[in-house]
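Here is the structure we will look at.
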Amino acid sequence: MTPASVETPSGKGSGDENFPVGSWLLPAALRPDVATYYAFARAIDDIADNPALAPDDKIDRLKRFDAALQSAGNDAPGLEKAARLRETLARRGITTARGSDLVAAFTQDAVKLRYTDWEDLLGYCRLSADPVGRFLLDLHGEDPGGYPASDALCTSLQILNHLQDCQDDYHALDRVYLPLDWLTAEGLEVTVLDAKASPPGLRRVIDLCLDGVDALLIKAQRLPGQLRSSRLAMESAVIVKLALRLSRRLRRGDPLAERVALSKADFLFAGLGGAAGVQVQRLFAAPQIAGQSG
């Protein structure tokens with residue numbers, strides 16, 4: 001491996017994501033830092049998801065990224081995105097765990113292909129998804145008290161993505177993020193994901209996952225009201241609404257038979273509703289706060 005070939009770009013970008021990445025709702029001064037974080041996450045995700053790489057090769061590349069994230073002494077050609085994130089985190093006073101946890105998740109992806117139960121899956125999401133929300137809260141100087149609601153939102157987004165891509169993940173990478181105990185209870189093997197449509201048992205497993213997602217989204221809906229930044233609150237409210245819409249679509253649709261995804265109209269209505277909801281909430285909260293302080 002030559003130093004410059006550590007990355008294995010897939011060609012994916014922020015436009016390929018289900019949910020907004022560094023949208024215009026966030027403060028303009030912080031968007032470059034969000035882009036730096038996304039570039040790092042995209043680079044290591046592409047390594048973990050590259051079907052042409054052996055597990056040991058993936059782990060070696062990911063370790064290089066993590067080492068460069070931790071220390072300038074480990075900088076090398078091909079690791080510039082890790083170096084830029086290290087500098088950004090240091091400048092903002094944010095722990096490198098926000099990047100290292102992602103590396104740990106994608107290292108796990110290189111070798112762990114099955115999840116025994118719901119708790120096992122949630123453990124993966126704690127590394128693969130929750131650091132993203134925590135990074136955004138840290139970047140905005142928000143209270144860590146917002147972490148639980150943020151974690152609930154990020155985990156729900158991750159699981160929704162797994163459900164959308166359950167067949168593709170199985171075919172391309174032999175990864176199955178559906179809890180094995182739920183599949184077993186329905187008398188199913190992972191080979192059910194080869195089907196052209198979900199049989200009733202798999203439909204019940206998907207709905208169980210969506211039940212878990214919806215429970216998480218109840219907690220996540222508290223997040224916008226916990227944030228000081230009105231812009232981050234609006235972004236969070238929009239994403240919560242998008243997640244709720246995608247959950248409903250997955251209830252009605254079959255990810256084995258079709259691509260179940262959000263439409264442009266979903267983004268429009270969620271954007272308008274989420275942003276407006278936060279503005280109204282803060283408008284009514286302001287007189288109450290003024291009255292209490294008077």
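In what follows, every heavy atom counts, from backbone to side chain, and hydrogens, waters and symmetry copies are set aside.
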Report summary line: Tightest non-hydrogen contact, residues Pro9 and Asp46, listed as CA-OD2, 3.7 Å

Query raised in the report: With no hydrogens and no angle check, do the side chains of Tyr147 and Asp138 hold a donor and an acceptor under 3.5 Å apart?
Result: yes

Query raised in the report: Side-chain heavy atoms under 4.5 angstrom apart, residues restricted to Ile, Leu, Val, Met, Phe, Trp, Tyr: same cluster for Leu244 and Leu208?
Result: yes

Report task. Examine Leu30 and Val132 and state if one hydrophobic cluster contains both, with Ile, Leu, Val, Met, Phe, Trp and Tyr joined whenever side-chain heavy atoms are less than 4.5 Å apart. Result -> yes

**Report entry** Distance-only donor-acceptor check, side chains Ser100 and Asp66, under 3.5 Å
**Finding:** yes

Query raised in the report: Looking only at heavy atoms, what is the nearest atom pair of Ala152 and Ala220, with distance?
Result: CB-N, 4.1 Å

Report summary line: When every non-hydrogen atom of Gly78 is compared with those of Val6, the smallest separation belongs to O-CB, 4.1 Å

Report summary line: Looking only at heavy atoms, the pair that brings Ala28 and Pro32 closest together is O-CD, 3.3 Å

**Report entry** Lys NZ or Arg CZ of Lys112 over Tyr115 ring: under 6.0 Å, within 45°
**Finding:** yes

Query raised in the report: Okay, side chain of Ser71, backbone of Ala67: is any donor-acceptor separation there less than 3.5 Å?
Result: no

Query raised in the report: Short question: side chain of Gln164, backbone of Val260 - any donor-acceptor pair under 3.5 Å?
Result: yes

Requested in this report: Could you tell me the separation between the CG atom of Asp45 and the OH atom of Tyr38, rounded to the nearest 0.5 Å?
Outcome: 8.0 Å

Query - Trace of the side-chain contact (heavy atoms from CB on, under 4.5 Å) decision for Asp130 with Ser150 - result: CA-CA 7 Å; Asp130 297 359; Ser150 173; over 6 Å; no

Query raised in the report: Tell me, do Pro179 and Asp120 make a side-chain contact under 4.5 Å, heavy atoms counted?
Result: no

Requested in this report: Report the C-alpha separation of Asp49 and Ser10 in whole Å, then their side-chain angles, then the decisive distance to 0.1 Å, and conclude whether the side-chain hydrogen bond (donor to acceptor under 3.5 Å, both in side chains) test is met.
Outcome: CA-CA 9 Å; Asp49 286 353; Ser10 67; over 6 Å; no

Report task. Output the distance between atom CG (Leu26) and atom CG (Asp33), rounded to the nearest 0.5 Å. Result -> 11.0 Å

Report task. Can you see which heavy atom on Leu193 is nearest to which on His171, and at what distance? Result -> O-NE2, 3.8 Å

Requested in this report: Using atom types as modelled and distance alone, determine if a side-chain donor or acceptor of Asp254 lies under 3.5 Å from a backbone N or O of Ser198.
Outcome: yes

Report task. Apply side-chain contact (heavy atoms from CB on, under 4.5 Å) to His162 and Leu121, showing your working. Result -> CA-CA 10 Å; His162 289 330; Leu121 182 59; 4.1 Å; yes

Report task. Indicate if Leu217 and Leu250 have the same hydrophobic cluster label, given that clusters are the connected sets of ILVMFWY residues with side-chain heavy-atom separations under 4.5 angstrom. Result -> yes

Report task. Answer yes or no: is there a side-chain heavy-atom contact under 4.5 Å between Tyr124 and Asp109? Result -> yes

Query raised in the report: Looking only at atom types and distance, does a side-chain atom of Glu142 sit under 3.5 Å from a main-chain N or O of Leu227, one as donor and one as acceptor?
Result: no

Query raised in the report: Rounded to the nearest 0.5 Å, how far apart are CD of Glu7 and CD1 of Ile47?
Result: 6.5 Å

Requested in this report: Determine whether Leu157 and Leu246 make a side-chain contact, defined as any pair of heavy atoms from C-beta on separated by less than 4.5 Å.
Outcome: no

Query raised in the report: Does the side chain of Thr116 come under 3.5 Å of the side chain of Asp181 through a donor N or O and an acceptor N or O?
Result: no

Query - pair Asp151-Arg134: side-chain heavy atoms closer than 4.5 Å - result: yes

Report task. Report yes or no: does Arg114 contribute a side-chain atom to a donor-acceptor pair with the main-chain N or O of Tyr177 at less than 3.5 Å? Result -> no

Query raised in the report: Once the angle between the rings of Phe135 and Tyr37 is folded into 0 to 90°, is it parallel (under 30°), tilted (30 to 60°) or perpendicular (over 60°)?
Result: parallel

Requested in this report: Please answer whether the main-chain N or O of Ala195 pairs with a side-chain N or O of Gln167 as donor and acceptor at a distance below 3.5 Å.
Outcome: yes

Query raised in the report: Distance from Leu136 atom CG to Ser236 atom OG, nearest 0.5 Å?
Result: 7.5 Å

Query raised in the report: Does atom CD of Glu189 have more than 12 heavy-atom neighbours, drawn from other residues, nucleotides or ligands, at distances under 6.0 Å?
Result: no

Query - Flag, side chain of Asp165 to backbone of Asp168, donor-acceptor distance under 3.5 Å - result: no

Query raised in the report: Distance-only, no hydrogens or angles: does the Gln221 side chain make a donor-acceptor pair with backbone N or O of Lys219 under 3.5 Å?
Result: no

Query raised in the report: With a 4.5 Å heavy-atom cut-off, do Lys58 and Thr8 have their side chains touching?
Result: no

Query raised in the report: Would you say Leu137 and His140 make side-chain contact, with heavy atoms under 4.5 Å?
Result: no

Report task. Determine, step by step, whether Tyr170 and Asp174 satisfy the side-chain contact (heavy atoms from CB on, under 4.5 Å) criterion, reporting the C-alpha distance in whole Å, the side-chain angles of both residues, the deciding distance to 0.1 Å, and the verdict. Result -> CA-CA 4 Å; Tyr170 177 56; Asp174 192 30; 3.5 Å; yes

Query raised in the report: Can you name the closest pair of heavy atoms from Ser128 and Gln158 and give their distance?
Result: OG-OE1, 2.9 Å

Requested in this report: Say whether Leu180 and Ile159 are linked into one hydrophobic cluster, either directly or through other cluster members, by side-chain heavy-atom distances under 4.5 angstrom.
Outcome: yes

Query raised in the report: Would a distance-only check, ignoring hydrogens and angles, find a side-chain to backbone donor-acceptor pair under 3.5 Å from Ser156 to Leu153?
Result: yes

Query raised in the report: Got Asp143 and Arg228 here, is their nearest side-chain heavy-atom distance under 4.5 Å?
Result: yes

Requested in this report: List the steps and the verdict of salt bridge (charged side-chain N to carboxylate O under 4.0 Å, His left out) for Arg251 and Asp214.
Outcome: CA-CA 11 Å; Arg251 292 268 186 196; Asp214 290 345; 3.0 Å; yes

Query raised in the report: Considering only heavy atoms from C-beta outward, does the side chain of Pro255 approach that of Ile206 to under 4.5 Å?
Result: yes

Requested in this report: Let me see the working for Asp57 and Arg61 under side-chain contact (heavy atoms from CB on, under 4.5 Å), right down to the final yes or no.
Outcome: CA-CA 6 Å; Asp57 191 0; Arg61 293 167 190 256; 2.9 Å; yes

Query raised in the report: Just how far is it from atom CG of Leu183 to atom OG1 of Thr191, taken to the nearest 0.5 Å?
Result: 9.5 Å

Query raised in the report: Is a donor on one side and an acceptor on the other found under 3.5 Å between the side chain of Arg231 and the backbone of Pro27?
Result: no

Report task. Report the distance from atom CZ of Arg64 to atom CG of Leu69, rounding to the nearest 0.5 Å. Result -> 16.0 Å

Report task. Identify whether Val34 and Leu242 are in the same connected component of the hydrophobic contact network (ILVMFWY, side-chain heavy atoms under 4.5 Å). Result -> yes

